[in-house]
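Data block below; observations after.
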Amino acid sequence: MSAHDPTPPTGPGDPAAGRPDGSAPVDFAVDLTAHEAHRRAHVLQAIGPHWDPVEVLHGEEAAYALLYSGLDEEQQRVYDDLVAAGVLPPPGGGRAAA
């Protein structure tokens, strides 16, 4: 066989079977731990020192309460059914720190 005509696979157990160039698979692993730490440092730097996660969560709870306020009877019934079924979290469900 020539360099342009690789040796055919020897059988179904051959790791090179079915590969046009006859090469075998190679293990490949990348550790992204250092990159993830670097990325998180950049995110925190971009957010800035005045970011208060507890305040943000309280704001989200206020928005959630406003979203489901002022429902008519039918809407309230559907909302209560969805909460009872676990589809929606209960109001004030402790998502933000007190």
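- The CG atom of L82 sits 9.5 Å away from atom CZ of R77, with the distance rounded to the nearest 0.5 Å.
- Under a hydrophobic clustering in which Ile, Leu, Val, Met, Phe, Trp and Tyr are joined whenever their side-chain heavy atoms come within less than 4.5 Å, directly or via other members, Y79 and L66 fall into different clusters.
- Listed by chain and residue number, nothing satisfies the side chain to side chain donor-acceptor pair (under 3.5 Å) test with D72 (two or more places apart in sequence, or in another chain).
- By the neighbour-count criterion of 12 heavy atoms within 6.0 Å, atom CD of E36 is densely surrounded, having more than that number from other residues, nucleotides or ligands.
- With sequence neighbours excluded, no residue forms a side-chain contact (heavy atoms from CB on, under 4.5 Å) with V26.
- How far NE2 of H58 is from CG of D52: 8.5 Å, rounded to the nearest 0.5 Å.
- Contact record, Y64 with P89: OH-O, 3.0 Å, taken as the closest heavy-atom pair.
- Applying the 6.0 Å contact sphere to CD of E55 captures no more than 12 heavy atoms from other residues, nucleotides or ligands.
- Under a hydrophobic-cluster definition in which Ile, Leu, Val, Met, Phe, Trp and Tyr are linked whenever side-chain heavy atoms come within less than 4.5 Å, directly or via other members, V87 and L67 are assigned to the same cluster.
- Applying the side chain to side chain contact (heavy atoms under 4.5 Å, CB included) test between V43 and each of R39, Q45, R40 identifies R39 as the sole match.
- Side chains of V56 and E60 form a contact here, defined as non-hydrogen atoms less than 4.5 Å apart.
- In this structure, the side chains of Q75 and V78 stay at 4.5 Å or more apart for every pair of heavy atoms.
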